[in-house]
Amino acid sequence: MHNNIMAAGSRDRPPMLATGRYAQWRSRFLRYIDTRPNGDALRKCILKGPYTPTIVTTPVVPATENSPAVPEQTTVETVMNMTPENRAHFESEKEAIHLILTGIGDEIYSTVDACQTAQEMWEAIERLQQGESLNIQDVKTNLFWEFGQFTSHDGETIESYYTRFYKMMNEMIRNNLTVATMQVNVQFLQQLQPEWSRFVTIVKQQHKLDEVSYHKLFDILKQYQKEVNELRAERMAKNANPLALVATAQTLQDPYYPSGSPPSPPPPPPPSGASGASGTTGASNSAQDPPPPPPSSTTN
């Protein structure tokens with residue numbers, strides 16, 4: 001909790017640089033600078049360097065009846081003859097150095113303490129945190145790749161999806177990357193989960209994607225979160241128990257067969273040459289045979 005408070009900063013001190021959080025620290029630090037009374041001058045010291053006094057040339061003053069001519073003179077600019085804007089820039093250098101050193105830990109302090117200006121410290125911290133090879137072109141390439149690969153997570157709410165998309169777009173804006181409104185909106189809508197397809201179609205029919213912002217699309221889609229949750233629950237139930245579909249189909253019985261299936265057909269009759277035929281044939285043969293002749297009698 002203490003680390004989170006230190007990283008966020010306060011009204012009286014700048015945010016502290018935490019490990020792996022340089023991008024967030026840089027943004028917070030510059031926003032903190034903007035809240036200071038001399039915020040513009042501090043920004044110039046950090047991003048452009050300290051103000052260097054210039055040589056002021058005083059033009060020739062011609063002679064008059066009461067005074068002689070004054071030749072052209074060159075003098076170094078001082079605090080007394082600076083413009084208010086340049087004076088604020090000049091006097092803010094030490095404060096800018098103090099604020100940067102206050103916002104970093106001892107391990108970085110020992111590395112940048114030898115720097116002479118706030119700009120040198122700022123650039124040294126950036127090299128330490130990002131590496132010298134990670135130039136602005138690398139950052140833009142990575143951000144464009146992230147934009148093209150951005151997609152939603154299974155079961156993710158529209159609020160979570162919008163928050164991640166908003167953070168990515170904000171990072172692109174901070175690095176001066178511009179994407180057409182149509183492309184942004186198409187990417188935002190097409191990467192939603194399948195349960196949103198019906199509502200995405202409604203949005204496409206009612207709004208011009210080359211004019212409306214994705215913030216407005218989010219405001220419209222979040223009204224359908226409840227319906228999407230119900231569709232998602234149905235899909236998960238089917239995937240978890242595929243036999244439920246079979247059971248449901250079996251309960252839809254045919255009205256002609258209340259038991260759920262038609263009666264079985266009667267068994268086929270036995271073939272004609274079966275065992276029953278042999279009994280019949282034997283009976284008929286015995287009925288047709290003549291009786292045996294009586295025994296002959298001989299008279300002696």
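We number each residue from 1, following the sequence as shown.
Of all heavy-atom pairs spanning Thr83 and Glu77, the tightest one is N-OE2, 4.3 Å. Taking each heavy atom of Gly49 and His89 in turn, the nearest pair found is O-NE2, 2.9 Å. Among all heavy-atom pairs drawn from Ile220 and His207, the shortest one is CD1-NE2, 3.0 Å. When all heavy atoms of Phe29 and Leu99 are compared, the pair lying nearest together is CE1-O, 3.6 Å. Among all heavy-atom pairs drawn from Glu93 and Pro50, the shortest one is OE1-CB, 3.3 Å. For the residue pair Ser92 and Ala41, the shortest heavy atom distance occurs at OG-CB, 3.4 Å.
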With side-chain contact (heavy atoms from CB on, under 4.5 Å) as the criterion, how do Tyr22 and Ile125 come out once you've worked through the C-alpha distance, each side chain's angles and the decisive distance to 0.1 Å? CA-CA 9 Å; Tyr22 171 74; Ile125 294 172; 4.0 Å; yes
Check the pair Ile158, Val228 against side-chain contact (heavy atoms from CB on, under 4.5 Å), reporting the backbone distance first and the verdict last. CA-CA 10 Å; Ile158 190 66; Val228 169; over 6 Å; no
side-chain contact (heavy atoms from CB on, under 4.5 Å) evaluation trace for Val212 with Lys208: CA-CA 6 Å; Val212 68; Lys208 296 181 179 180; over 6 Å; no
Stepwise side-chain contact (heavy atoms from CB on, under 4.5 Å) test for Asn170 and Arg174: CA-CA 6 Å; Asn170 187 52; Arg174 288 200 295 136; 4.2 Å; yes
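Atom CG of Leu128 is separated from atom OG1 of Thr111 by 5.5 Å, given to the nearest 0.5 angstrom. Atom CG of Asn38 sits about 4.5 Å away from atom CD of Glu95, to the nearest 0.5 Å. Atoms CG and OH, from Asp219 and Tyr162 in turn, are 7.0 Å apart once rounded to the nearest 0.5 Å. Here the CD atom belonging to Gln191 is positioned 9.0 Å from the CD atom belonging to Gln149, to the nearest 0.5 angstrom. Residue Asp34 holds its CG atom at 12.0 Å from CZ of Arg36, rounded to the nearest 0.5 Å. Separating the CG atom in Leu42 from the NE2 atom in His98 is a distance of 11.5 Å, to the nearest 0.5 Å.
Remark: the backbone N or O of Ser197 is paired with a side-chain donor or acceptor of Thr201 at under 3.5 angstrom. Judged by distance alone, with hydrogens and angles left aside, the side-chain atoms of Asp113 form no donor-acceptor pair with the main-chain N or O of Ser110 at under 3.5 Å. Remark: side-chain polar atoms of Arg13 are paired, donor with acceptor, to backbone N or O of Thr102 under 3.5 angstrom. Listed for the Ser27 side chain is no donor-acceptor partner under 3.5 Å among the backbone atoms of Gln24.
Atom CG of Asp40 has 12 or fewer heavy atoms from other residues, nucleotides or ligands within 6.0 Å. Counting non-hydrogen atoms of other residues, nucleotides and ligands closer than 6.0 Å to CZ of Arg235 gives a total above 12. Other residues, nucleotides and ligands contribute more than 12 heavy atoms inside 6.0 Å of the CD atom of Glu72.
Here the side chains of Arg164 and Phe150 are in contact, with some heavy-atom distance below 4.5 Å. Side-chain contact between Glu123 and Arg127 is present, with heavy atoms from C-beta onward closer than 4.5 Å. When side chains are defined from C-beta on, Glu85 counts as touching Lys44, because their heavy atoms get closer than 4.5 Å. Using a 4.5 Å heavy-atom cutoff, the side chains of Phe147 and Met169 are in contact. Under the 4.5 Å side-chain criterion, counting only non-hydrogen atoms from C-beta, Thr54 is not in contact with Asn86. You'll find the side chain of Ile202 reaches within 4.5 Å of the side chain of Tyr224, heavy atoms only. Annotation: side chain of Phe218 is not in contact with side chain of Tyr161 (no heavy-atom distance under 4.5 Å).
Take Phe144 and apply the side-chain contact (heavy atoms from CB on, under 4.5 Å) test, not counting sequence neighbours, and it matches Met172, Leu177, Val179.
Taking the six-membered ring where tryptophan is involved, the planes of Phe188 and Phe165 are perpendicular, since the angle between them exceeds 60° and thus also 30°. By the 30° and 60° cut-offs, the orientation of the rings of Phe90 relative to Tyr51 is perpendicular.
Glu156 and Ser152 share no side-chain donor-acceptor pair at under 3.5 Å. Between the side chains of Thr64 and Ser67, at least one donor N or O lies within less than 3.5 Å of an accepting N or O. Side-chain contact, Asn229 with Gln225: a donor N or O sits under 3.5 Å from an acceptor N or O.
Taken together through direct or relayed side-chain contacts under 4.5 Å among Ile, Leu, Val, Met, Phe, Trp and Tyr, Ile173 and Leu30 form parts of separate hydrophobic clusters. If you chain together hydrophobic residues whose side chains sit under 4.5 Å apart, Leu101 and Leu47 fall into the same group.
A salt bridge is absent between Glu227 and Arg198; no separation between the charged side-chain nitrogens and carboxylate oxygens falls under 4.0 Å.
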